[in-house]
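Report on one structure; see the data block that follows.
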Protein chains: 2
Amino acid sequence: MALRFALLAALYEEPLTGYDLTLKFKTRLANVWNASHQQIYKELGKLHEEGLVSVEDIPQQGKPDKRLYRINETGEAALSDWVNTAHNRPPTRDPLLVKLFAGGLLDRDKLAHELADTRQIWREQLAYYRSVEAQYFTSRAEMPAHFRFQHLALRRGILGMESNLQWLGEVEAMLADLAAGV
Amino acid sequence: MALRFALLAALYEEPLTGYDLTLKFKTRLANVWNASHQQIYKELGKLHEEGLVSVEDIPQQGKPDKRLYRINETGEAALSDWVNTAHNRPPTRDPLLVKLFAGGLLDRDKLAHELADTRQIWREQLAYYRSVEAQYFTSRAEMPAHFRFQHLALRRGILGMESNLQWLGEVEAMLADLAAGV
DNA sequence: TCGATCATGTAACAGGTTACATGATTTT
DNA sequence: AAAATCATGTAACCTGTTACATGATCGA
């Protein structure tokens with residue numbers, strides 16, 4: 001149920017195609033919501049059928065026509081209702097932590113490699129979020145509330161990644177201790 | 001695919017019933033993996049069919065018989081393989097952040113209430129994780145590697161919740177600013 | 001010339017949620 | 001007297017993943 005509202009929220013900013021939305025989910029919305037292009041195209045179809053968005057077909061040559069989606073009043077009302085009702089926190093499911101829980105079975109070299117890869121990903125994510133913050137959210141002038149809220153969503157990504165990296169530091173320190181026989 | 005390994009990892013500690021596992025997922029494994037009792041019973045059935053666990057039926061009166069599951073060698077081998085192969089990071093999906101992204105549509109009072117509830121939940125989670133840490137992971141003596149790894153899984157829960165609460169502070173400060181017209 | 005980018009989709013399957021079902025015992 | 005706890009499950013449904021499909025253009 002929430003994917004559709006993530007789409008509507010993205011369209012609330014500006015009209016977009018399924019392709020654009022796929023990119024947006026992979027970049028600016030990476031810390032907010034994830035969805036594959038298959039899911040996105042399907043859900044956009046439903047949203048259109050149900051009359052929450054309108055479509056403009058833009059012919060192209062050599063490629064399928066662009067289908068530009070635009071949120072309409074019905075869609076905005078539905079989005080508004082949804083954002084103003086409370087929802088449960090999503091449950092946690094992290095395979096890396098499952099592995100640590102079975103600690104006794106771990107191959108420490110392999111774990112070290114997985115952690116190094118993870119660190120790399122988290123660093124890049126953090127760098128990206130920080131660059132977005134620097135670009136869009138550091139103006140000295142007062143920003144409209146809409147953008148201040150979006151900034152807070154981004155702050156979550158930044159603080160979360162910082163916390164992830166801090167934790168990784170603890171894990172790697174422990175692995176080093178173990179290797180040194182402490 | 002990962003639920004089964006979360007179950008095997010839990011059974012790697014000690015034999016448990018589906019009911020016990022459900023409780024464990026809600027408490028000690030809350031920051032690791034989530035699953036409903038329906039999912040758990042179904043997957044335990046499969047695990048047994050496929051010969052990764054054995055079952056001991058313990059008759060009771062007034063209640064259905066207990067079915068005590070025990071990981072066997074095949075299961076341990078499968079778990080060992082799995083924990084030593086790398087997996088992608090799970091994608092993020094957070095309805096609260098979707099709401100912030102649609103900031104302009106937010107009813108600030110309702111948001112404040114949802115945030116207050118969220119704070120409450122996170123505080124309780126943090127308090128619980130800290131109590132587990134205090135009880136099991138603060139002995140001065142050297143712990144076997146298995147427990148040190150489990151401690152790290154718990155540390156992730158603690159650091160994550162601290163980060164969540166720090167972020168909530170930023171959000172609430174911003175709401176206060178807005179209310180004050182800043 | 002090979003892979004990436006642009007641009008849309010269908011279909012099968014796996015994983016997760018919600019609703020339903022039963023029933024004794026213990027706690028409030 | 002009602003609600004929570006113990007203890008197991010089935011079934012329908014919704015959501016998300018993986019595999020498959022097409023085809024032009026552009027940069028390395």
Side-chain angles (χ1 to χ4, degrees), chain A residues 1-8 10 15-27 29-30 32-50 53 55-69 82 87-95 98, chain B residues 1-8 10 15-27 29-30 32-50 53 55-69 82 87-95 98:
Chain A
M1 262 298 92
L3 167 59
R4 61 172 35 203
F5 298 106
L7 289 168
L8 290 172
L16 293 168
T17 66
Y19 191 85
D20 297 334
L21 283 161
T22 306
L23 291 186
K24 207 171 193 171
F25 274 59
K26 277 198 196 128
T27 52
L29 284 163
V32 171
W33 200 267
N34 175 271
S36 64
H37 73 99
Q38 293 92 331
Q39 253 187 306
I40 290 169
Y41 285 118
K42 205 206 290 180
E43 193 65 32
L44 284 172
K46 276 195 213 167
L47 248 16
H48 184 229
E49 261 182 48
E50 294 171 31
V53 297
V55 193
E56 182 187 344
D57 279 301
I58 299 166
Q60 297 194 119
Q61 54 224 51
K63 300 175 203 168
D65 293 357
K66 268 195 194 181
R67 315 206 74 205
L68 191 65
Y69 289 89
W82 185 82
H87 293 92
N88 293 331
R89 295 268 75 222
T92 306
R93 287 190 186 95
D94 190 336
V98 173
Chain B
M1 261 297 90
L3 166 61
R4 62 171 36 201
F5 298 107
L7 289 168
L8 290 173
L16 293 168
T17 66
Y19 191 85
D20 297 334
L21 283 160
T22 305
L23 292 185
K24 207 171 193 172
F25 274 59
K26 278 197 195 127
T27 52
L29 284 163
V32 172
W33 200 268
N34 176 272
S36 64
H37 73 98
Q38 292 93 331
Q39 255 187 305
I40 290 169
Y41 286 117
K42 205 206 290 181
E43 194 65 33
L44 284 172
K46 276 195 212 168
L47 248 17
H48 184 228
E49 261 182 49
E50 294 171 32
V53 298
V55 193
E56 182 186 345
D57 279 301
I58 300 165
Q60 297 194 119
Q61 53 224 52
K63 299 177 204 170
D65 293 357
K66 269 196 194 181
R67 315 207 74 206
L68 190 66
Y69 289 89
W82 185 84
H87 293 92
N88 292 332
R89 294 268 75 221
T92 306
R93 289 190 184 96
D94 190 336
V98 173

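A note on names: the letters A, B, ... follow the listed sequences, proteins ahead of strands, and every chain is numbered from 1.
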Out of curiosity, L21(A) CG to Q39(A) CD, how far, rounded to the nearest 0.5 Å?
12.5 Å

Under 4.0 Å from any heavy atom of chain B: name the first and the last nucleotide of DNA chain C that qualifies, 5' to 3'.
dG15(C) to dA24(C)

Please name all residues satisfying side-chain contact (heavy atoms from CB on, under 4.5 Å) with T17(A), sequence neighbours left out, ordered by chain then number.
Y19(A), D20(A), K66(A), L68(A)

If I compare all heavy atoms of A35(B) with all of F25(B), which pair ends up nearest, and what's the gap?
N-CD2, 3.7 Å

For E56(B), what residues pass the side chain to side chain donor-acceptor pair (under 3.5 Å) criterion, not counting sequence neighbours?
R70(B)

Can you name the residues that form a side chain to side chain donor-acceptor pair (under 3.5 Å) with H48(B), not counting sequence neighbours?
none

Sugar-phosphate, base or nothing in reach of T22(A), heavy atoms under 4.0 Å
nothing

In this structure, CG of L8(B) is separated from CG of L44(B) (nearest 0.5 Å) by 9.0 Å

I'd like a table of atom pairs between the protein and nucleotides 15-18 of chain D - only N or O on both sides, under 3.5 Å - with the distance next to each one.
from	atom 1	to	atom 2	distance (Å)
dT15(D)	OP1	M1(A)	N	2.3
dG16(D)	OP2	Q39(A)	NE2	2.8
dG16(D)	O5'	Q39(A)	NE2	3.3
dG16(D)	O3'	R93(B)	NH2	3.4
dT17(D)	OP1	R93(B)	NH2	3.4
dT17(D)	OP2	R93(B)	NH2	3.1

Send over the distance from R67(B) CZ to dC6(D) C1', rounded to a whole Å.
17 Å

Can you name the residues that form a side chain to side chain donor-acceptor pair (under 3.5 Å) with N88(A), not counting sequence neighbours?
none

For H87(A), check side chain to side chain donor-acceptor pair (under 3.5 Å) against everything at least two apart and list the hits.
W82(A), K99(B)

What residues, two or more places apart in sequence or in another chain, satisfy side-chain contact (heavy atoms from CB on, under 4.5 Å) together with K46(B)?
R4(B), E43(B), E50(B)

Between P of dC6(D) and CG of L16(B), the distance in whole Å:
14 Å

To 10°, what angle do the rotation axes through the five end pairs on each side of the helix from dT1(C)-dA28(D) to dT28(C)-dA1(D) form?
50°

Residues that P91(A) engages under side-chain contact (heavy atoms from CB on, under 4.5 Å), provided they are two or more places apart:
R93(A), N34(B)

